[in-house]
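Taking it in order: structure first as structure tokens, then the write-up.
In what follows, chains are A, B, ... by sequence order, proteins preceding strands, each numbered from 1. Just so it is clear, the model here is predicted, and its values are computed rather than measured.
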Amino acid sequence: MNDKKFYVSTPIYYVNDKPHIGHAYTTILADVLARYHRRLNVPTFFLTGTDEHGQKVQKAAEEHHMTPQEQCDSTVVRFQELWKKLDISNDDFIRTTNPNHQRVVREILQDLYDRDLIYKAEYEGHYCVPCERFFTGKDLEEGELCPECHRPTARIMESNYFFRMSNYQQWLIDYIETHPGFIQPAFRANETLGFLKQPLGDLCISRPKSRLAWGIELPFDADYVCYVWFDALINYISGIGYRTDEAKFRQWWPVSYHLIGKDILTTHTVYWPTMLKAIGLEMPQAIFAHGWWLTGREKMSKSRGNVVNPMAMCDKYGVDAFRYFLLAEMPLGQDASFTEDAFVGRYNSDLANDLGNLLSRVVKMTLRQTDGVIPAPEAYGDDEKELVAEIDQAVAELPRLLDEMKLNRGLETVMQAVRAGNRYLEKTAPWSLAKKGETGKLHTVLYCSAELLRKAGTLLHPVMPHKMTELLTALGLSGEAAANPAIAALKNGENVLSGKKMRDSGALFLRIQPAVPEVPAASAPTEKTSAAPAKASAPARSEAPAPVGVITIDEFFRTQLKTARVLTAERVKGADKLLRLQIEVGEETRQLVAGVAQYYTPEQMVGKTIVIVANLKPAKIRGIESQGMLLAAKHDGALKLVTVDGDMPSGVTIG
RNA sequence: UGCGGGGUGGAGCAGUGGUAGCUCGUCAGGCUCAUAACCUGAAGGCCGUUGGUUCGAUUCCAGCCCCCGCUACCA
């Protein structure tokens with residue numbers, strides 16, 4: 001990375017969204033990077049903010065009888081409060097409704113328009129009047145129905161403004177290929193190149209006010225507002241003074257890292273670079289897409305109700321531990337899963353057992369042996385040299401791992417040194433040195449342990465600002481040395497601790513008692529003579545191992561199979577594999593879409609008794625709702641319906 | 001269906017053309033300064049599968065299988 005300055009951005013979050021762990025993760029990641037660079041004496045600028053234009057804000061405002069701006073003002077605080085709570089140290093918070101930002105967007109639009117990089121064109125689309133929305137042909141359901149409300153749409157001609165993005169397709173491909181590290185991780189660059197294999201169209205950058213009024217008005221046509229993405233991306237330059245404070249802008253641009261989630265890759269690796277190219281600005285140094293947090297195996301989503309609320313996690317376990325967990329647990333660019341179990345496990349082993357407990361050991365021992373005053377060391381032996389080497393390796397490697405965005409690895413090297421600290425105490429056994437009266441050696445051990453903690457605390461400070469300040473304070477440091485410890489100074493190797501007086505402030509990270517599963521009363525063995533009860537003393541996890549692919553009868557009966565009679569059948573227009581069926585299931589009539597058109601004609605289907613899955617979640621296929629699934633056997637290009645052997649009424653349960 | 005990601009000891013992950021490593025968990029032992037913590041040792045892996053390149057592949061190449069995400073004329 002550029003060693004003269006560091007500018008990091010998060011996406012600007014849609015103000016109407018409710019903050020979730022994804023927002024929190026990106027922002028914490030940016031915060032930690034920013035704090036590290038500040039501690040390494042690199043001038044740093046950290047920008048985050050909110051995207052405040054668009055349909056949803058307009059709609060929400062109407063519902064709440066507010067102006068859109070009032071709506072934004074009332075919701076933006078949700079982000080601002082969360083960032084405060086999560087100790088986010090952003091240097092500025094940009095809102096796209098900020099007048100400066102709007103002015104910059106308009107100036108850029110005008111400039112591109114003047115240079116013929118934006119042009120007006122007419123095209124045909126489909127408009128749904130009740131929804132007030134415009135759709136292209138491929139968005140529509142069968143029969144040109146609106147995908148939102150399923151009502152007929154009207155074919156209309158509409159004019160819009162387009163940015164000549166296609167001009168830059170080849171240039172962008174070349175740029176990505178010749179700049180490894182521009183898009184990270186590397187496989188995301190490949191993904192973008194894959195996207196660029198297809199012809200790149202021009203980007204529609206306007207919306208007619210008749211459809212959407214809440215946006216930045218085009219300077220050259222008052223009937224339109226700017227497309228939200230075009231508006232939003234510009235925050236990255238308007239937020240650091242582009243066209244308003246050139247000196248500031250020149251200081252920070254190009255950005256060191258645009259941090260994004262993998263879901264907004266294309267906008268950042270295609271739209272944004274081509275926009276910058278057209279504007280005539282340097283490319284970002286790096287665009288980094290991280291993965292998603294999953295719970296269990298599923299993607300986190302509101303509809304599944306498994307969202308982990310970052311606010312709640314902080315209240316329960318503390319901000320610092322939460323920040324540590326997010327960074328330690330997510331490997332480079334991959335998805336990771338968030339479970340409370342994993343959180344508690346890592347908290348206990350890394351923070352409580354290894355780091356917190358080491359601090360307790362050292363503080364209590366020093367208080368007892370030297371009244372808390374950190375002694376001066378004598379000559380180092382092999383154990384000391386080994387210990388110093390361990391932590392110095394972390395000091396040396398952390399900046400490198402930071403540049404490679406391997407934050408989790410960086411934290412791991414520090415934790416390794418902490419574990420070495422526990423080992424060191426075991427080996428040198430200061431408690432027996434004290435008994436034997438080997439004071440010199442004892443002082444060396446106490447000093448070296450404290451020094452190890454000071455270095456580890458300094459290295460971890462950007463991740464856990466509060467807790468590490470607490471740790472440094474316990475070691476007797478105060479002022480800047482505790483509040484803003486300089487990583488850059490660790491290399492000097494001076495003795496800053498001897499003579500300082502330690503303070504016992506209690507457990508740094510209290511162990512969390514994991515929820516212990518209920519143990520059957522009879523199983524607690526009193527003697528560990530036989531092997532079998534020993535197993536029982538470790539309560540098994542709830543799921544008993546079952547042979548792969550085998551299900552229980554209960555699991556089978558979750559699927560409700562029923563007979564059904566086909567009443568009508570017709571082909572689905574525009575689809576050559578699908579039939580739309582009306583079926584009778586007992587009293588009930590249902591609609592079903594079946595992929596059997598290549599094997600059965602509609603006429604053959606009518607009157608047949610078939611077997612269906614009756615409790616399948618309804619789904620839309622080609623826009624038509626299918627309320628169940630019929631069973632059929634398919635083999636070597638042949639397909640035969642499953643039916644019953646003889647007469648049966650419809651709606652009969654099978655099992 | 002198409003595109004992308006991934007398959008390494010019980011779990012989560014590193015890693016390299018040449019004796020396969022870490023954390024957690026399990027088992028045995030040790031210590032007592034400490035937050036029932038800490039330390040030592042052990043068990044446990046044909047590094048998804050098949051074929052190729054190579055003196056040698058977990059690592060390179062090709063095919064296949066499985067899992068995940070988006071997508072789809074799957075339901």
Legend entry - Candidates B:rG15, B:rA75, B:rC39 - which lies nearest the side chain of A:Arg409: B:rG15

Inset, instruction - Would you kindly give the CG-to-P distance between A:Asp383 and B:rU40, to the nearest whole Å? - result: 12 Å

Legend entry - Spacing of the P atoms in B:rU50 and B:rC65 (rounded, Å): 15 Å

Inset, instruction - On RNA chain B, check which nucleotide each of A:Val596 and A:Gly345 is closest to and give me the residue with the more 5' one. - result: A:Gly345

Legend entry - 5′-ward residue of the pair A:Lys262/A:Gln416 relative to RNA chain B: A:Gln416

Inset, instruction - Please check if the distance between the ring centroids of A:Phe343 and A:Tyr317 is under 6.0 Å. - result: yes

Inset, instruction - Indicate, with yes or no, if the rings of A:His290 and A:Tyr25 have centres closer together than 6.0 Å. - result: yes

Inset, instruction - Name the nucleic acid region contacted by A:Ala594, choosing base, sugar-phosphate or nothing; use a 4.0 angstrom heavy-atom cut-off, strictly under. - result: sugar-phosphate

Legend entry - Between A:Asp383 and A:Tyr424, a side-chain donor and acceptor under 3.5 Å: no

Inset, instruction - Give the intermediate values and the outcome of side chain to side chain contact (heavy atoms under 4.5 Å, CB included) for residues A:Lys562 and A:Ile654. - result: CA-CA 5 Å; A:Lys562 288 187 178 177; A:Ile654 295 171; 5.9 Å; no

Inset, instruction - Classify the nucleic acid contact of A:Gly628 as base, sugar-phosphate or nothing, counting any heavy atom under 4.0 Å across all strands shown. - result: sugar-phosphate

Legend entry - Distance, rounded to the nearest Å, where A:Arg580 contributes CZ and B:rA75 contributes C1': 16 Å

Legend entry - Nearest-angstrom distance, P atom, B:rG5 to B:rA43: 38 Å

Inset, instruction - Describe the nucleic acid contact of A:Val593 in one word from base, sugar-phosphate, nothing, applying a heavy-atom distance below 4.0 Å. - result: sugar-phosphate

Inset, instruction - Between B:rC31 and B:rU16, how far apart are the C1' atoms? Round to whole Å, please. - result: 38 Å

Inset, instruction - Figure out the CZ/P separation between A:Arg423 and B:rU40, and round it to whole Å. - result: 6 Å

Inset, instruction - Using the P atom on both, measure B:rC73 against B:rC61 and round to a whole Å. - result: 34 Å

Inset, instruction - Output, in order, the C-alpha distance, side-chain angles, deciding distance and verdict of side chain to side chain contact (heavy atoms under 4.5 Å, CB included) for A:Leu327 and A:Val32. - result: CA-CA 9 Å; A:Leu327 291 175; A:Val32 169; 3.2 Å; yes

Legend entry - Nucleotide-resolved protein contact map, nucleotides 32-37 of chain B, B/S/- at heavy-atom distance under 4.0 Å: SBBB-S

Legend entry - Nearest-angstrom distance, P atom, B:rC38 to B:rU23: 12 Å

Legend entry - Value in whole Å for how far the C1' atom of B:rC22 lies from NZ of A:Lys406: 15 Å

Legend entry - Which nucleotides of RNA chain B pair, in dot-bracket form (Watson-Crick or G-U under 3.5 Å, | meaning another strand): .((((((..((((....[..)))).(((((.......))))).....(((((..]....))))))))))).....

Inset, instruction - Using distance alone, with no hydrogens and no angle criterion, decide if A:Gln604 and A:Tyr599 have a side-chain donor and acceptor under 3.5 Å apart. - result: no

Legend entry - A:Asn357 side chain to A:Arg511 side chain, donor-acceptor N/O pair below 3.5 angstrom: no

Legend entry - Distance, P atom - from B:rG12 to B:rG51, rounded to whole angstrom: 29 Å

Inset, instruction - May I ask you to check if A:Lys467 and A:Phe509 form a cation-pi contact, with NZ or CZ under 6.0 angstrom from the six-membered ring centre and within 45° of the axis? - result: yes

Inset, instruction - Round to the nearest Å and state the distance from A:Tyr324 atom OH to B:rU23 atom P. - result: 12 Å

Inset, instruction - Check whether any side-chain nitrogen or oxygen of A:Arg346 sits under 4.0 Å from OP1 or OP2 of B:rC24, and answer yes or no. - result: no

Inset, instruction - Please report, rounded to the nearest Å, how far the C1' atom of B:rC24 is from the OH atom of A:Tyr347. - result: 17 Å

Legend entry - Closest heavy-atom pair and its distance - A:Met629, A:Leu592: N-CD1, 4.1 Å

Inset, instruction - Considering only atom P, compute the distance from B:rG10 to B:rG44 and round it to an integer number of Å. - result: 11 Å

Inset, instruction - Decide whether A:Glu584 and A:Ser650 meet the rule of one side-chain donor and one side-chain acceptor closer than 3.5 Å. - result: yes

Legend entry - Integer-rounded Å distance: B:rA75 C1' and A:Leu592 CG: 8 Å

Inset, instruction - Show the numbers, then the answer: is there a side chain to side chain contact (heavy atoms under 4.5 Å, CB included) between A:Leu631 and A:Leu641? - result: CA-CA 6 Å; A:Leu631 300 187; A:Leu641 293 175; over 6 Å; no

Inset, instruction - Return the value, rounded to whole Å, for the distance between atom CZ of A:Phe325 and atom C1' of B:rC13. - result: 13 Å

